[in-house]
Amino acid sequence: QVQLVESGGGLVQAGGSLRLSCAASGRTFSTLSMGWFRQAPGKEREFVATINRRGAWTSYTDSVQGRFTISRDNAKNTVYLQMNSLKPEDTAVYYCAASTAYTTTTQLRQAGTFGYWGQGTQVTVSS
């Protein structure tokens with residue numbers, strides 16, 4: 001079993017920055033592909049960013065490209081999401097997710113690929 005604990009959410013003004021962290025335990029971290037997803041009120045959960053096991057490959061949804069950066073520290077068993085130039089439409093609960101499967105890069109953008117999820121952390125961006 002993999003346990004994921006997110007932190008770093010909060011309230012920020014538009015244009016500000018936040019860094020989310022997700023600490024993993026229960027499995028060798030370098031064997032996990034990691035992702036961030038978000039869910040706004042009344043909307044479906046959506047893909048935000050993903051990173052492969054070694055951190056050599058990343059992918060982002062178009063709306064955050066150039067503003068958000070996903071990274072990982074395998075020595076600390078932690079994945080990060082640096083969020084800059086935040087907009088009110090970024091307001092959502094952000095979830096960290098982990099996958100143990102060997103999948104395609106396309107599949108790493110899909111929630112169904114990830115078998116483990118954190119409890120979520122709220123990000124609120126005020127205008």
Side-chain angles (χ1 to χ4, degrees):
Q1 285 285 10
V2 176
Q3 294 80 43
L4 303 172
V5 179
E6 302 103 332
S7 61
L11 173 65
V12 64
Q13 289 187 333
S17 298
L18 284 174
R19 188 176 80 155
L20 305 183
S21 300
C22 173
S25 60
R27 186 181 176 106
T28 302
F29 188 62
S30 61
T31 67
L32 301 173
S33 297
M34 303 297 296
W36 286 97
F37 292 76
R38 66 187 180 186
Q39 188 167 18
K43 296 187 177 181
E44 294 186 354
R45 189 170 299 190
E46 67 169 349
F47 165 76
V48 176
T50 187
I51 188 167
N52 71 348
R53 288 170 174 79
R54 295 186 177 183
W57 174 85
T58 59
S59 181
Y60 302 88
T61 192
D62 288 348
S63 63
V64 309
Q65 183 77 48
R67 299 188 298 122
F68 290 11
T69 303
I70 188 171
S71 62
R72 64 189 295 160
D73 186 336
N74 285 355
K76 295 183 177 180
N77 297 341
T78 302
V79 63
Y80 304 97
L81 186 68
Q82 177 67 44
M83 305 185 295
N84 298 328
S85 302
L86 282 160
K87 304 176 181 180
E89 52 264 42
D90 294 318
T91 295
V93 177
Y94 282 71
Y95 297 91
C96 172
S99 173
T100 60
Y102 286 88
T103 65
T104 66
T105 54
T106 297
Q107 289 174 318
L108 284 177
R109 296 170 62 94
Q110 300 169 358
T113 299
F114 295 86
Y116 302 96
W117 293 82
Q119 81 287 353
T121 185
Q122 177 71 47
V123 171
T124 303
V125 184
S126 64
S127 57

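- For E89, there are no side chain to side chain donor-acceptor pair (under 3.5 Å) partners at least two apart in sequence or on another chain.
- Distance check, rounded to the nearest 0.5 Å: OG1 of T69 to CG of N84 gives 6.5 Å.
- V125 and Y60 fall within the same hydrophobic cluster, defined by Ile, Leu, Val, Met, Phe, Trp and Tyr side-chain heavy atoms under 4.5 Å apart, directly or through other members.
- Residues passing the side chain to side chain contact (heavy atoms under 4.5 Å, CB included) test with T100 are R27, L32, Y116, sequence neighbours excluded.
- Placement of Y80 and W36 in two distinct hydrophobic clusters is found when ILVMFWY residues are connected by side-chain heavy-atom separations under 4.5 Å, directly or transitively.
- Looking only at distances, no side-chain donor or acceptor of Q119 sits under 3.5 Å from a matching main-chain atom of V5.
- Residues L4 and A24 approach most closely at CD2-CB, 3.6 Å, considering heavy atoms.
- Within the model, atoms OG of S99 and CG of N52 stand 11.5 Å from one another, a figure rounded to the nearest 0.5 Å.
- Atoms CZ and SG, on R72 and C22 in that order, are 10.0 Å from each other to the nearest 0.5 Å.
- M83 and F37 sit in two unconnected hydrophobic clusters of ILVMFWY residues. Membership requires side-chain heavy atoms under 4.5 Å apart, directly or through other members.
- Pairing each heavy atom of S127 with each of P88, the nearest pair is CB-CG, 3.8 Å.
- Atoms CD and CD1, from Q82 and I70 in turn, are 12.5 Å apart once rounded to the nearest 0.5 Å.
- For R19, there are no side chain to side chain donor-acceptor pair (under 3.5 Å) partners, not counting sequence neighbours.
- No continuous path of ILVMFWY side-chain contacts below 4.5 Å connects W117 to V79, so the two sit in separate hydrophobic clusters.
- Between the side chain of R109 and the backbone N or O of T61, no donor-acceptor pair lies under 3.5 Å.
- The closest donor-acceptor contact from the side chain of Q107 to the backbone of T113 lies at 3.5 Å or more, if one exists at all.
- Residues satisfying the salt bridge (Lys or Arg N to Asp or Glu O under 4.0 Å) test with R67, not counting sequence neighbours, are D90.
- In this structure T124 satisfies the side chain to side chain contact (heavy atoms under 4.5 Å, CB included) test together with L11, T91, Q122, sequence neighbours excluded.
- The backbone N or O of E6 sits nowhere less than 3.5 Å from a side-chain atom of Y95 that would complete a donor-acceptor pair.
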Using distance only, find each side-chain donor-acceptor pair of residues 41-48 under 3.5 Å and give its atom names and separation, not counting sequence neighbours.
unit_1: E46; atom_1: OE2; unit_2: R38; atom_2: NE; d: 2.6
unit_1: E46; atom_1: OE2; unit_2: R38; atom_2: NH2; d: 3.2

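- Nearest heavy atoms, L81 versus A49: CD1-CB, 4.1 Å.
- Distance check: L108 CG to F114 CZ gives 5.0 Å after rounding to the nearest 0.5 Å.
- Side-chain atoms of R53 never come within 3.5 Å of backbone atoms of M34 as a donor-acceptor pair (strictly under, hydrogens ignored).
- Between the N74 side chain and the S30 main chain, no donor and acceptor come within less than 3.5 Å of each other.
- What you find for L18 and G8 is that their closest heavy atoms are CD2-O, 3.9 Å.
- Separating the OG1 atom in T58 from the CZ atom in F68 is a distance of 14.0 Å, to the nearest 0.5 Å.
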